[in-house]
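Only a predicted model underlies this, so the values are computations on that prediction, with no experimental measurement involved. Every chain is numbered from 1 and lettered A, B, ... according to where its sequence line falls, protein lines coming before strand lines.
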Protein chains: 2
Amino acid sequence: MYERFFQKLNESVDLTSAEKEIITHHLQPKRLRKKQYLLQAGDVCKAIAFVEKGALREYSVDENGNEHVLQFALEGWLISDLYSFITGEPATYNIDALDDCELVLLTKSAQDEILKKVPKFETYTSMQITGAYLAMQKRVNAMISLSPEQRYQNFINLYPNIARRVPQHMVASYLGLSPETLSRIRKRIATAR
Amino acid sequence: MYERFFQKLNESVDLTSAEKEIITHHLQPKRLRKKQYLLQAGDVCKAIAFVEKGALREYSVDENGNEHVLQFALEGWLISDLYSFITGEPATYNIDALDDCELVLLTKSAQDEILKKVPKFETYTSMQITGAYLAMQKRVNAMISLSPEQRYQNFINLYPNIARRVPQHMVASYLGLSPETLSRIRKRIATAR
DNA sequence: AAAAAGCATTGATTTAAATCAATCGTTCGG
DNA sequence: CCGAACGATTGATTTAAATCAATGCTTTTT
């Protein structure tokens with residue numbers, strides 16, 4: 001159980017099987033059907049979710065009711081509203097399943113317990129957050145310095161698997177474009193070769 | 001010496017004066033004149049800089065030679081090309097001084113030494129990186145979900161002191177707008193009241 | 001003190017993306 | 001299996017930002 005989770009964890013930290021045991025004990029599995037919410041804006045984010053299987057999206061809803069995709073998560077990724085998770089404030093983002101999902105949940109108290117018993121776990125956490133920060137920074141840089149077409153090219157180079165698995169209009173949203181514009185960009189790219 | 005640095009550090013971690021002593025020993029002060037580089041793209045980022053006094057900007061240069069401001073740093077902020085710092089790869093961003101600056105530098109080896117001798121320091125580091133991640137995430141959300149005018153309003157609410165101290169065209173760049181557009185947005189806002 | 005550089009503003013024009021609208025194919029649910 | 005919802009595409013139009021260009025003001029530099 002939790003194969004992918006431990007596989008990923010292993011990339012950051014070496015663990016004895018006793019330590020794995022302890023960690024396993026604090027995790028909980030969760031299944032989600034396509035379209036179900038993992039988190040709704042307004043609720044408190046009680047857990048960080050690791051994706052064993054499936055795909056999810058995190059998004060905000062603006063004053064006009066339009067959705068804006070902040071993040072995708074496929075197998076091996078973590079997803080949460082981290083601010084809400086840390087502070088206990090209501091979440092500002094929604095998270096829902098794009099496919100049937102198998103998740104591994106890590107609650108705040110579980111995290112505290114694990115850190116107490118397996119301090120090495122901290123390494124995993126901080127590597128994850130550092131990676132997430134660097135990725136966000138790159139994305140901001142792309143937003144302010146690349147054309148929409150370049151951003152899309154960049155996106156499919158970086159995340160070809162996401163591009164394959166999620167509806168195109170969500171990719172458009174992630175890139176800050178209208179679905180029509182992305183469709184035309186793709187057409188332009190396709191005919192240009 | 002390093003007043004602001006320790007003041008900030010104190011907000012995350014309680015330190016004995018012995019511990020402060022140890023840390024001080026590993027820091028180095030650096031002065032920078034206005035317009036001087038702290039880091040140039042292509043060089044390796046050897047240190048994380050804490051701003052005791054002054055203002056800096058971090059920016060990328062695109063294929064057309066246009067500069068795009070990724071970040072500002074005023075008193076109390078940290079600035080670096082974190083990816084380059086961690087990996088030792090050449091930096092992709094430039095950092096220069098917008099005013100005469102007094103900085104506190106923390107090199108990789110200094111960080112390692114401090115962490116060895118004062119493990120609590122890790123708390124500071126991870127709080128900083130978490131805060132930086134959350135800020136970046138908010139910025140991405142603003143980029144994909146707010147109008148240019150809303151983004152500017154949001155910016156001056158969030159960072160009134162930056163808006164006061166840096167040239168307007170750099171704020172425009174930070175927001176992903178042309179200087180002319182920001183000028184017109186400000187005019188619109190001013191006359192609308 | 002004069003010259004130059006940097007910066008913000010304003011106007012005119014161009015350009016690209018958003019929006020509005022319709023169609024077509026696919027998949028999903030009853 | 002059929003109807004409805006969803007998604008992608010395409011065309012026509014509107015809208016907003018970028019670009020080009022000029023001016024005036026302020027701050028630096030010589």
Side-chain angles (χ1 to χ4, degrees), chain A residues 32-36 54-55 57 59 62-69 72 96-101 142-156 162-192, chain B residues 32-36 54-55 57 59 61-69 72 96-100 142-156 162-192:
Chain A
L32 226 52
R33 292 278 190 70
K34 187 170 176 169
K35 297 206 178 187
Q36 275 191 314
R57 85 214 233 250
Y59 62 98
D62 70 22
E63 52 190 16
N64 306 318
N66 297 317
E67 300 177 353
H68 303 276
V69 177
F72 296 107
D96 65 14
L98 300 178
D99 276 322
D100 292 353
C101 288
M143 296 291 300
I144 62 176
S145 66
L146 299 183
S147 68
E149 178 167 337
Q150 289 173 318
R151 286 207 305 277
Y152 175 66
Q153 295 273 20
N154 179 56
F155 177 82
I156 53 177
I162 296 181
R164 247 181 279 114
R165 279 177 61 178
V166 314
Q168 196 173 301
H169 71 272
M170 290 186 189
V171 173
S173 171
Y174 178 95
L175 295 172
L177 302 172
S178 72
E180 294 94 333
T181 295
L182 181 55
S183 174
R184 286 186 251 259
I185 285 172
R186 283 166 50 83
K187 191 183 182 181
R188 219 186 307 152
I189 292 172
T191 58
Chain B
L32 225 53
R33 293 276 189 72
K34 185 168 176 172
K35 299 206 178 183
Q36 276 191 313
R57 81 213 235 252
Y59 62 98
V61 179
D62 69 24
E63 52 191 15
N64 306 317
N66 298 315
E67 300 177 352
H68 302 275
V69 176
F72 295 107
D96 65 13
L98 301 177
D99 276 321
D100 291 354
M143 296 291 299
I144 63 177
S145 66
L146 300 182
S147 68
E149 179 166 337
Q150 289 172 319
R151 283 204 311 273
Y152 176 66
Q153 295 273 20
N154 180 55
F155 177 81
I156 54 177
I162 296 182
R164 248 181 279 113
R165 279 179 60 179
V166 314
Q168 196 173 299
H169 71 270
M170 291 187 189
V171 173
S173 171
Y174 179 95
L175 295 172
L177 302 173
S178 71
E180 294 94 332
T181 296
L182 181 54
S183 175
R184 286 185 251 260
I185 285 173
R186 282 165 51 84
K187 190 181 182 182
R188 218 187 305 150
I189 292 171
T191 58

First locate atom CE of B:M143, then atom CG of B:L175, and finally report the distance between them rounded to the nearest 0.5 Å. 7.5 Å
Under a 4.0 Å threshold between the charged nitrogen and the carboxylate oxygen, would B:R57 count as salt-bridged to B:D96? yes
Just how far is it from atom CG of A:D100 to atom NZ of A:K34, taken to the nearest 0.5 Å? 8.0 Å
Could you tell me whether the phosphate oxygens of D:dA8, OP1 or OP2, come under 4.0 Å of any side-chain nitrogen or oxygen in A:H169? yes
Any B:Q168 side-chain nitrogen or oxygen under 4.0 Å from OP1 or OP2 of C:dG6: no
Walk along nucleotides 22-30 of chain C from 5' to 3' and tag each nucleotide B, S or - by protein heavy-atom contact under 4.0 Å, base first, then sugar-phosphate. ------S--
In whole angstroms, the gap separating P of C:dT15 from CD of A:E149 amounts to 17 Å
Using the rule given for side-chain contact (heavy atoms from CB on, under 4.5 Å), can you reason through B:V69 versus B:V166, listing the C-alpha separation, both sets of side-chain angles and the distance that settles it, and then say yes or no? CA-CA 11 Å; B:V69 176; B:V166 314; over 6 Å; no
Provide a list of protein-nucleic acid N or O atom pairs under 3.5 angstrom, restricted to nucleotides 23-26 of chain D.
none

Estimated bend of the helix from C:dA1-D:dT30 to C:dG30-D:dC1 (axis per five terminal pairs, rounded to 10 degrees): 50°
Could you check whether the rings of B:F72 and B:Y174 sit parallel, tilted or perpendicular, using 30° and 60° as the cut-offs? parallel
With the side chain defined as heavy atoms from C-beta on, B:T181 is closest, among D:dA17, D:dT9, C:dA18, to D:dA17
Nearest 0.5 Å, what's the CZ-CZ distance between B:R184 and B:R188? 10.0 Å
A:N64 atom CG is separated from C:dA18 atom P, nearest whole Å, by 14 Å
In short, A:A172 meets A:S178 closest at the heavy-atom pair CB-O, 3.8 Å
Spacing of B:M143 atom CE relative to C:dA17 atom C1', expressed in whole Å: 15 Å
5'-most by nearest nucleotide on DNA chain D - B:S147 or A:L182: A:L182
Review item, nucleotides 11-14 of chain D N/O atoms under 3.5 Å of protein N/O:
from   : atom 1 : to     : atom 2 : distance (Å)
D:dG11 : N7     : A:R184 : NH1    : 3.0
D:dG11 : O6     : A:R184 : NH2    : 3.4
D:dA12 : N6     : A:R184 : NH2    : 3.4

Rounded interatomic separation in angstrom, taking OH from A:Y152 and C1' from C:dA17: 17 Å
What's the shortest heavy-atom distance between A:D99 and A:G54, and which atoms? CB-CA, 4.4 Å
Taking atom OH of B:Y152 and atom CG of B:L182, what is their separation to the nearest 0.5 Å? 5.5 Å
Out of curiosity, A:R186 CZ to A:I156 CD1, how far, rounded to the nearest 0.5 Å? 8.0 Å
Within residues 172-179 of chain A, those residues having any heavy atom closer than 4.0 Å to DNA chain C are A:G176, A:L177, A:S178
Donor-acceptor pair, side chain of A:R151 and main chain of A:L146, under 3.5 angstrom: yes
Mind calculating the distance between CZ (B:R186) and P (D:dA17) to the nearest angstrom? 16 Å
Round to a whole Å and report the spacing from CD of A:E67 to C1' of D:dC6. 13 Å
In whole angstrom, what separates A:I189's CD1 from D:dA8's C1'? 16 Å
A:L98 atom CG is separated from D:dC6 atom P, nearest whole Å, by 14 Å
Measure the spacing between CD1 of A:I185 and NZ of A:K187 and express it to the nearest 0.5 Å. 13.5 Å
From the candidates D:dA8, C:dA17, C:dT9, the one with an atom nearest any side-chain atom of A:P167 is D:dA8
Indicate yes or no for a side-chain donor-acceptor contact from A:R33 to the backbone of A:A97 under 3.5 Å, with no hydrogens or angles considered. no
side-chain contact (heavy atoms from CB on, under 4.5 Å) partners for A:H68, two or more places apart: A:S60, A:D62, A:N66, A:S173, B:I144, B:S145
